[in-house]
Amino acid sequence: MMPISTDENRISHIIFLHGPSSSGKSTIAQTLQARLPQPFWHISIDHLRDSGVLPSARYKSGEFDWTADRNAFFNGFHNAIAAFANAGNALILEHILDEDDWLADLQRSLKRHDVMFVGVYCDLPEMIAREAARGDRPIGSAEADFNRVHFGKRYDLKVQSEQGVDYNVDQIIDFWRRPVRRSDFAR
């Protein structure tokens with residue numbers, strides 16, 4: 001068995017899509033993954049939830065207490081992101097920075113990597129309609145996110161999902177090719 005190691009000299013590329021629930025992050029991530037000239041892993045909480053990693057039904061029923069387990073879950077998720085990057089994988093990270101300390105934690109753990117921080121914006125009525133159509137989100141989470149997740153964040157690029165996925169992906173790929181980063185993750 002190979003030992004677990006990291007390549008201390010290798011810098012991984014990370015495209016971090018940040019925005020409210022139902023803002024279009026997943027659609028952008030999937031299209032980016034299909035169009036980028038090198039392999040990128042698409043990582044999100046939705047992937048873990050949908051794969052059955054979490055005992056979601058038991059949390060929903062109240063058998064398990066999500067509030068008690070939430071911090072440990074997200075600490076593990078953030079450590080996994082860093083581990084994937086430290087192993088040399090290019091990543092498309094789709095995430096919502098719900099807690100104030102999460103940004104600082106990810107800044108520390110990803111500091112040696114090239115992180116392009118992208119703010120994904122969407123008009124509130126559109127997000128509310130998407131949330132209702134999806135049926136897999138608590139009603140009201142999009143609006144709650146809309147009013148807080150972008151506050152105080154400095155992005156390399158901002159995209160508006162109503163401009164269309166192809167337009168936004170073109171913008172992201174064009175900016176990704178540039179060496180300058182000025183966001184909260186700038187090295």
Side-chain angles (χ1 to χ4, degrees), residues 6-51 77-78 80-98 102-124 126-127 129-131 133-134 137 142 145-146 149-187:
T6 61
D7 182 344
E8 296 295 326
N9 298 314
R10 186 168 179 177
I11 295 174
S12 292
H13 297 286
I14 302 166
I15 299 173
F16 187 152
L17 303 175
H18 179 256
S21 176
S22 302
S23 62
K25 296 181 304 293
S26 296
T27 303
I28 291 170
Q30 291 163 0
T31 306
L32 274 170
Q33 191 177 44
R35 291 186 41 202
L36 284 162
Q38 67 189 64
F40 272 74
W41 293 39
H42 175 194
I43 298 179
S44 75
I45 293 300
D46 291 355
H47 291 134
L48 294 174
R49 182 201 65 223
D50 295 346
S51 72
F77 180 64
H78 294 160
I81 293 164
F84 283 127
N86 291 340
N89 298 291
L91 307 174
I92 300 168
L93 172 60
E94 175 191 339
H95 196 20
I96 304 169
L97 296 171
D98 281 336
W102 290 359
L103 175 61
D105 289 345
L106 288 169
Q107 286 171 316
R108 263 190 308 280
S109 65
L110 301 174
K111 69 182 173 189
R112 68 184 181 90
H113 299 292
D114 173 34
V115 179
M116 182 179 148
F117 196 30
V118 180
V120 180
Y121 288 77
C122 184
D123 292 334
L124 183 57
E126 178 65 22
M127 285 188 343
R130 290 176 184 179
E131 177 180 75
R134 289 173 72 159
R137 298 284 188 274
D145 290 349
F146 179 84
V149 299
H150 291 302
F151 183 76
K153 307 293 185 299
R154 188 179 63 207
Y155 297 109
D156 291 301
L157 180 67
K158 296 177 183 179
V159 297
Q160 184 72 30
S161 67
E162 290 89 353
Q163 290 180 315
V165 68
D166 289 327
Y167 176 82
N168 286 324
V169 167
D170 287 345
Q171 296 300 306
I172 292 168
I173 291 173
D174 180 57
F175 197 92
W176 170 71
R177 289 181 172 133
R178 299 177 196 174
V180 176
R181 304 285 182 252
R182 294 194 171 98
S183 74
D184 289 326
F185 287 93
R187 294 182 286 132

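Keep in mind it's a predicted model, so treat the numbers as computed, not measured. Note: hydrogens, waters and symmetry copies are ignored here, and every other heavy atom, side chains too, is used. Count residues from 1 along the sequence.
A donor-acceptor distance shorter than 3.5 angstrom exists from the side chain of E162 to the backbone of D123, with no hydrogens or angles considered. D114 contributes no side-chain N or O that, together with a main-chain N or O of S12, makes up a donor-acceptor pair within less than 3.5 Å. No donor-acceptor pair under 3.5 Å is formed between the side chain of E131 and the backbone N or O of S21. Of the possible polar contacts, one joining the K25 side chain to the G19 backbone as a donor-acceptor pair under 3.5 Å is found. In terms of modelled atom types and a separation under 3.5 Å, the side chain of R108 and the main chain of L103 share no donor-acceptor contact. Of the possible polar contacts, none joining the S23 side chain to the C122 backbone as a donor-acceptor pair under 3.5 Å is found. Here the side chain of D184 pairs no donor or acceptor atom with the backbone of K153 at under 3.5 angstrom.
In this structure the side chain of V118 never reaches within 4.5 angstrom of the side chain of N168, judged on heavy atoms. At a threshold of 4.5 Å between non-hydrogen side-chain atoms, the residues Q171 and Q163 do not count as touching. Taking the side chain as every heavy atom from C-beta outward, S109 and H78 never approach each other to under 4.5 Å. At least one side-chain heavy atom of F40 sits less than 4.5 Å from a side-chain heavy atom of I15. No side-chain heavy atom of V115 sits under 4.5 Å from any side-chain heavy atom of L106.
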For F175 and R181, what are the C-alpha separation, side-chain angles and deciding distance, and is it a side chain to side chain contact (heavy atoms under 4.5 Å, CB included)? CA-CA 9 Å; F175 197 92; R181 304 285 182 252; 3.8 Å; yes
Between E94 and H42, does a side-chain hydrogen bond (donor to acceptor under 3.5 Å, both in side chains) hold up when you go through it step by step? CA-CA 8 Å; E94 175 191 339; H42 175 194; 2.7 Å; yes
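Looking at every heavy atom in both residues, N89 comes nearest to F84 through ND2-O, 2.9 Å. Counting all heavy atoms, side chain and backbone alike, D46 lies closest to S26 at OD2-OG, 4.1 Å. Nearest heavy-atom pair, M116 versus I172, reported as atom, atom and distance to 0.1 Å: CE-O, 3.5 Å. When all heavy atoms are compared, the tightest approach of V169 to R35 is CG1-NH1, 3.5 Å. Contact between T31 and T27 at its shortest, heavy atoms only, is OG1-O, 3.0 Å. Here the shortest heavy-atom pairing between A142 and S22 reads CB-CB, 4.5 Å.
Residues satisfying the salt bridge (charged side-chain N to carboxylate O under 4.0 Å, His left out) criterion with D145, sequence neighbours excluded, are R148. Judged as a side-chain hydrogen bond (donor to acceptor under 3.5 Å, both in side chains), and not counting sequence neighbours, R154 has no contacts. With sequence neighbours left out, R177 forms a salt bridge (charged side-chain N to carboxylate O under 4.0 Å, His left out) with no residue at all.
Once rounded to the nearest 0.5 Å, the distance linking CD1 of I43 with CG of L17 reads 12.0 Å. Going from atom CH2 of W102 over to atom CD1 of I96 covers 9.0 Å, rounded to the nearest 0.5 Å. Remark: L36 CG to I173 CD1 distance equals 4.5 Å, nearest 0.5 Å. Here I81 contributes atom CD1 and N86 contributes atom CG; the two are 11.5 Å apart, rounded to the nearest 0.5 Å. To the nearest 0.5 Å, atom CG of residue L32 and atom CD1 of residue I92 are 5.0 Å apart.
Using bins of under 30°, 30° to 60° and over 60° for the plane-to-plane angle, the ring pair Y155/H150 lands in the perpendicular bin. Below 30°, between 30° and 60°, or above 60°: for F77 and H95 the angle between ring planes is above 60°, a perpendicular geometry. Between F16 and F185, the angle of the ring planes lies from 30° to 60°, which puts this pair in the tilted group. Between H18 and F117, the ring planes lie tilted relative to each other; the angle falls in the 30° to 60° range.
Residue K158 places its NZ atom among 12 or fewer non-hydrogen atoms of other residues, nucleotides or ligands, all under 6.0 Å distant.
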